[in-house]
Amino acid sequence: QASGVQVADEVCRIFYDMKVRKCSTPEEIKKRKKAVIFCLSPDKKCIIVEEGKEILVGDVGVTVTDPFKHFVQMLPEKDCRYALYDASFETKESKKEELMFFLWAPEQAPLKSKMIYASSKDAIKKKFQGIKHECQANGPEDLNRACIAEKLGGSLVVAFEGCPV
């Protein structure tokens, strides 16, 4: 059932920016988001961008060595979140970049939090048209490279974020 939670315009704008890969200057590419985490507003009525919880493409290789590991470390241990991650991976045929949508609902999160995030997931997913990959993770063990590779294309995926799987 829907929770009646709204999705902030900024969340939709970030999704659009991540989804649309317009020809950009190297400077613009550096500012593009590699990963973003979303949370519920304090009054639980709106899904918003979590302050400071993002990785920019320009950070990778500069301040962030392993973007996926960094992304996983940004998730709270005891609360739920939504996230978008711009996954780059290789299949036997080609290199690809595709957005992944995450629902992070760790075991230690309060039941109320798990319920509202689960019931609000459709609200945010409706705004994220065209996402092919979705992952619900209930702990760090669900966020290892092999699990992600499985979601992105199973045995066809040979590397994820530059590392063999």
Side-chain angles (χ1 to χ4, degrees), residues 1-21 32-41 44 46-50 53-55 57 60 66-91 93-163 165:
Q1 69 164 18
S3 60
V5 165
Q6 301 299 305
V7 179
D9 291 343
E10 190 189 359
V11 171
C12 302
R13 200 169 55 247
I14 286 173
F15 167 68
Y16 180 78
D17 288 349
M18 287 176 79
K19 186 175 119 166
V20 177
R21 302 185 184 271
R32 201 162 69 205
K33 294 178 190 334
K34 174 82 180 153
V36 187
I37 296 177
F38 307 105
C39 61
L40 286 166
S41 57
K44 307 277 187 264
C46 192
I47 297 168
I48 57 171
V49 178
E50 189 169 1
K53 296 287 185 174
E54 63 179 31
I55 301 171
V57 172
V60 178
D66 181 335
F68 191 71
K69 188 173 166 197
H70 191 85
F71 162 70
V72 172
Q73 289 168 343
M74 289 191 324
L75 294 164
E77 216 175 294
K78 295 185 169 80
D79 205 0
C80 302
R81 290 294 182 270
Y82 303 111
L84 277 176
Y85 187 86
D86 193 355
S88 45
F89 60 102
E90 288 172 50
T91 63
E93 290 81 48
S94 63
K95 288 188 170 184
K96 295 183 173 185
E97 284 186 17
E98 291 180 0
L99 286 180
M100 292 186 79
F101 172 73
F102 287 88
L103 168 55
W104 169 248
E107 299 296 334
Q108 303 98 311
L111 183 63
K112 193 173 178 188
S113 179
K114 286 189 216 180
M115 286 169 64
I116 193 162
Y117 272 84
S119 64
S120 307
K121 187 176 86 165
D122 283 349
I124 192 168
K125 278 204 64 192
K126 275 194 189 90
K127 303 285 186 188
F128 292 173
Q129 291 296 314
I131 287 215
K132 293 187 200 139
H133 308 288
E134 184 184 324
C135 177
Q136 178 169 338
N138 302 101
E141 65 284 351
D142 297 334
L143 292 174
N144 66 46
R145 289 175 193 282
C147 292
I148 302 305
E150 189 59 43
K151 299 251 186 273
L152 289 169
S155 59
L156 296 174
V157 176
V158 293
F160 172 66
E161 294 302 342
C163 300
V165 283

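One-based numbering along the sequence shown.
Contact annotation: the side chain of Phe128 approaches that of Val11 to within less than 4.5 Å [non-hydrogen atoms, C-beta and beyond]. Between Asp17 and Lys33, every side-chain heavy-atom pair lies at or beyond the 4.5 Å cut-off. Proximity of Phe15 to Ile131: side-chain heavy atoms (C-beta onward) are separated by under 4.5 Å at one or more points. The shortest distance between side-chain heavy atoms of Lys112 and Ile116 does not fall below 4.5 Å. The shortest distance between side-chain heavy atoms of Val165 and Val158 does not fall below 4.5 Å.
Put simply, the side chain of Glu161 gets close to the backbone of Ser88: a donor and an acceptor are under 3.5 Å apart. Between the side chain of Ser41 and the backbone N or O of Cys46, at least one donor-acceptor pair lies under 3.5 Å. Side chain of Lys34 to main chain of Asp86: a donor-acceptor pair is present (N/O by atom type, distance under 3.5 Å, no hydrogens or angles).
Distance check, rounded to the nearest 0.5 Å: CZ of Phe38 to CD1 of Ile48 gives 11.0 Å. With values rounded to the nearest 0.5 angstrom, Glu97 atom CD is found 9.5 Å from Phe89 atom CZ. Here the CG atom belonging to Leu40 is positioned 7.0 Å from the OG atom belonging to Ser113, to the nearest 0.5 angstrom.
Nearest approach of Ala123 to Val5, heavy atoms of both residues: CB-O, 3.7 Å. Contact detail for Pro76 and Trp104: the closest heavy-atom pair is O-NE1, 2.8 Å. What you find for Phe68 and Leu143 is that their closest heavy atoms are CE2-O, 3.0 Å. Taking all atoms of both residues into account, the shortest heavy-atom contact from Ile55 to Val60 is CG2-CG2, 4.3 Å. Residues Ser94 and Lys96 approach most closely at OG-CE, 3.7 Å, considering heavy atoms.
Sequence neighbours left out, the pairs with a member in residues 127-138 that pass side-chain hydrogen bond (donor to acceptor under 3.5 Å, both in side chains) are Glu98-Lys132, Glu98-His133, Lys121-Glu134, Lys125-Glu134. Applying the side-chain hydrogen bond (donor to acceptor under 3.5 Å, both in side chains) test to every pair with at least one member in residues 141-156, sequence neighbours left out, gives these pairs: Asp66-Arg145.
Take Glu50 and apply the side chain to side chain contact (heavy atoms under 4.5 Å, CB included) test, not counting sequence neighbours, and it matches Ile37, Cys39, Lys53, Arg81.
Using bins of under 30°, 30° to 60° and over 60° for the plane-to-plane angle, the ring pair Tyr82/Tyr117 lands in the tilted bin.
Annotation for Lys114: atom NZ counts as buried by contact number, over 12 foreign heavy atoms lying within 6.0 Å. Dense packing is recorded around CD of Gln73, with more than 12 heavy atoms of other residues, nucleotides or ligands lying under 6.0 Å away.
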Evaluate the criterion side chain to side chain contact (heavy atoms under 4.5 Å, CB included) for residue pair Tyr85 and Val72; output intermediate values, then yes/no.
-> CA-CA 10 Å; Tyr85 187 86; Val72 172; over 6 Å; no
